[in-house]
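Comments concern the structure below.
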Amino acid sequence: MRDGQPGTPIRLVDYQVPAYLVGQVHLDVDLFDEHTRVNATLALRRHPDAPAGADCVLDGVGLTLEALSVDGEPLAEEAWRYDGEQLVLRGMPDTFTLATQVIIEPQRNTALEGLYVSRGMFCTQCEAEGFRRITFFPDRPDVLSRFSTTVRADKVRFPVLLSNGNPVARGEEGARHWVTWEDPFPKPCYLFALVAGDLACLEERYRTGSGREITLQIYAEERDLDKLDHAMASLKAAMAWDEQTYGLEYDLGIYMIVAVSHFNMGAMENKGLNIFNTACVLAHPKTTTDAGFQRVEAVVAHEYFHNWSGNRVTCRDWFQLSLKEGFTVFRDQSFSADMNSIAVKRVEDVDMLRTVQFPEDQGPMAHPVRPAEYQKIDNFYTVTIYEKGAELVRMQHGLLGPERFRAGTDLYFSRFDGQAVTTDDFVDCMAEAGGIDLTQFRRWYSQAGTPRLEASDTFADGEYRLTLRQSTPPTPGQPDKLPLMIPVKLALLGADGAALPLDADGNTETVLVLTEAEQTFAFAVPGTQAPVPSLLRGFSAPVELRYDFSPAQLHFLLAHDSDGYCRWDAAQRLYHAAVTRLLADPSAAEAEAAALRPALEQVLARAMDDPAEAALLLTLPGEVAIGDRLDVLEPDRIHAARGALQAELGRQLARQWWQAGQACLTPGPYRPSAADIGKRSLRHRALAYLAAAADERVASHLEALCRDADNMTDQLGALRLLVHYRLPGAAQALADFAARWHDEALVMDQWFAVQATVPGEQTLAQVRALLAHADFDWRVPNRVRGLLGSFANGNPTAFHAASGEGYRLYAEALARLDEVNPQIAARMAGACARLPRLPDARREALAAALRDVLSRSRSANLREMLERILASAG
Ligand code: TRP
Ligand code: ZN
């Protein structure tokens, strides 16, 4: 098996069309207690561009082949070969019908790829390469086929039988029944889905702009039926938004979503039958936080938007993954911004890009938005493909403007409907509709790494001159970088804080398009005072901006800039500078807090204008983000410095924090509205400062909130502060919380996460204890992420403990996880990508632990990750 050998990469330059296409496929899936029988009938025809005589190659992994026939005749032994990975048919005619029968064992499938069982329900996950674990098929996205599917199972235990498209026939045979589904739209097999179970359903209707009635169904276990309203409302909002914004309507008569407890990712856009991680679809005020409500809205929309950006127009090969993911993330970001707050959403997205994607770009896993090679495509469902990919689409939106961008997407969807295409095809449409040359822009897709943008300026004789210099550091396999096309949105603020006119028309904002390594731009500025530059407004390009802002300039921007991103960035720069000084002189916390105080007071004074934005402005950079700015990671000192600053600010502004918390009460029933969410987020920010300061009243306040609040946002927020700041009552609150929420898996995931992220080495013992807890389950990715993911990614002082114990614990867990679910193990390994930046002793300790895991790892998924990470160990 290929899985047992050192990795051979798959390369973009080797792309070839498939030798055979599949026009029509019929699947007959017979579900039993011990096994499942899959009969497949494929109408194959030679690809017009394929070399004559080429073998017909079908993928198939772990299939027990029971029968095989071509055009109704059993196939001679010498005409086929199956090596456990691929079925090769030799000497086939130009068109033929292939019938196969295979046996698979979904009950034993813990990798959650292909057909598997989750809490008694059969379900599938085929992206990226799961369909080959169900039947023989050319499992690649450039083979688009019409599917019909018959599902058979026990009537009583599996009353609901679903697949893609429309139900066209059903019947009964003794204790069993069956349903046949037909999907009229040709699709790649990664969009196939099947579900069988005893499920409850929320059903509503939606009328499209053109007057078609669509049936909307969301399926879940009966006990979760009261948690589906938010997803339903979000789905309808997304459908209306896509009609409004992109002129795109839904295309089938029925749209189904199924909630599944065991799921490797967030959700999956299977045609007409989305399958969702319960964490991304279930929402109820009692069990779901504000962040959870917003995640449901965003993910429901994301998967819905894929119906056009992904399904109707799909990817030619997996190197083009960002074609659908980057574009669809851009679409879901715009949707969430329109539903909530444009400025707040932008800051949240930028923050995530800078704290998660920038580090990926700077580490051993750095890769282009369109990678040139991979071993396991599962490992490339990354923040670079998704979030940086979205930034590339956003830059094109910015370069074209909204109208021409819409002309570009219209052209894209009409030209490529029903086809499998490339990111180049997308950019071509933008260039054509926009009437601009995007040749240089394409480098953003092929060049990895975060560009550095250095800005410097001069002001003399009424002229302001801004020099921009770009460079992109080397990344693995790409030592030399070319200049990119970088749109830099700019304003210049005058002494009164207003933006100055930059041209004869009086425009106060402009986009400088940097194309060279270095360029200088000049502006006439009246008066004798140098303006303050507001740079990279809206975060107009995914670059690291370096400009030597003075503290006075940052305070000025925070107070006056009309751009939400620039205000937030100014605050972040002030905080980073303060923490950096504190790292050198830990005794200066009081003075540093005092210096920041006017800025915070001014934000607090205006906080009720937009509490959500105020909460963001008042959030100190996290320990991980601080560490990423330093050359060498020293988690304990970072924790101490940041903690001291937070505590001092808590003390010095205690009165204002209590006031803000009071002003942000949200009386009445819980609503997940942007306004109420903003208030709660500011209130919890205020409480966090007070908790850090160990304010004398805060513990009892939090205890009461945790006990009495009618919603999970308040309960969990209070619990986390009690536990993380080790306040009186924390242990009791944890125990009470578990007793109360024992039966709610998604809430218990959070309970595990709260404990796994308590700073400090002593948490390691607690993580070990929780691994042995009766409610911990290696087979449930949400639980594994809740405990191990949050420990490894969100608790630097414990994970990087000087004893090396954090690494040992983590390495043992990785090895164990690899046996159960290689995709999740590989994803978890990403937490070590900061290895090259660790101080010597720790780097050695982590590398040793990882080498040990590598020597035992059986999956290509985990091995690819570990090999890449270890190659950076030096
Ligand atoms: N296409 C899914 C999305 O909307 C991603 C996804 C879901 C996925 N499940 C997966 C990717 C399993 C790889 C493996 O983003
Ligand atoms: Zn997606």
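Keep in mind it's a predicted model, so treat the numbers as computed, not measured. Order of appearance sets the numbers: ligands from 1, and atoms from 1 within every ligand. Index from 1, following the sequence.
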Backbone or side-chain N/O/S of E325 under 2.8 Å of the Zn ion (ligand 2): yes
Proximity flag E113 to ligand 1, non-hydrogen atoms under 4.0 Å: no
Option of least heavy-atom distance to atom 8 (C) of ligand 1 (set: M265, E325, K324): M265
Shortest protein contact, atom 5 (C) of ligand 1 (heavy atom only): Y386 OH, 3.3 Å
Salt bridge (Lys or Arg N to Asp or Glu O under 4.0 Å) against E744, all qualifying residues, sequence neighbours excluded: K227
For atom 7 (C) of ligand 1, the option (of C280, G130, A267) bearing the nearest heavy atom: A267
Contact check, side chains of M121 and V117, non-hydrogen atoms, under 4.5 Å: no
Salt-bridge criterion met for R442 and D428 (N-O under 4.0 Å): yes
Which residues share a side chain to side chain donor-acceptor pair (under 3.5 Å) with S118, sequence neighbours left out: H262
Ligand 1 atoms in contact with M268 (distance to a heavy atom under 4.0 Å): 1 (N), 2 (C), 7 (C)
E303: numbered ligand 1 atoms lying under 4.0 Å from its heavy atoms: 3 (C), 4 (O)
H302 atom (N/O/S) at minimal separation from the Zn ion (ligand 2): NE2
Lys/Arg N to Asp/Glu carboxylate O, K271 vs E182, below 4.0 Å: no
Over-ring placement of R346 relative to F539, 6.0 Å and 45° cut-offs: no
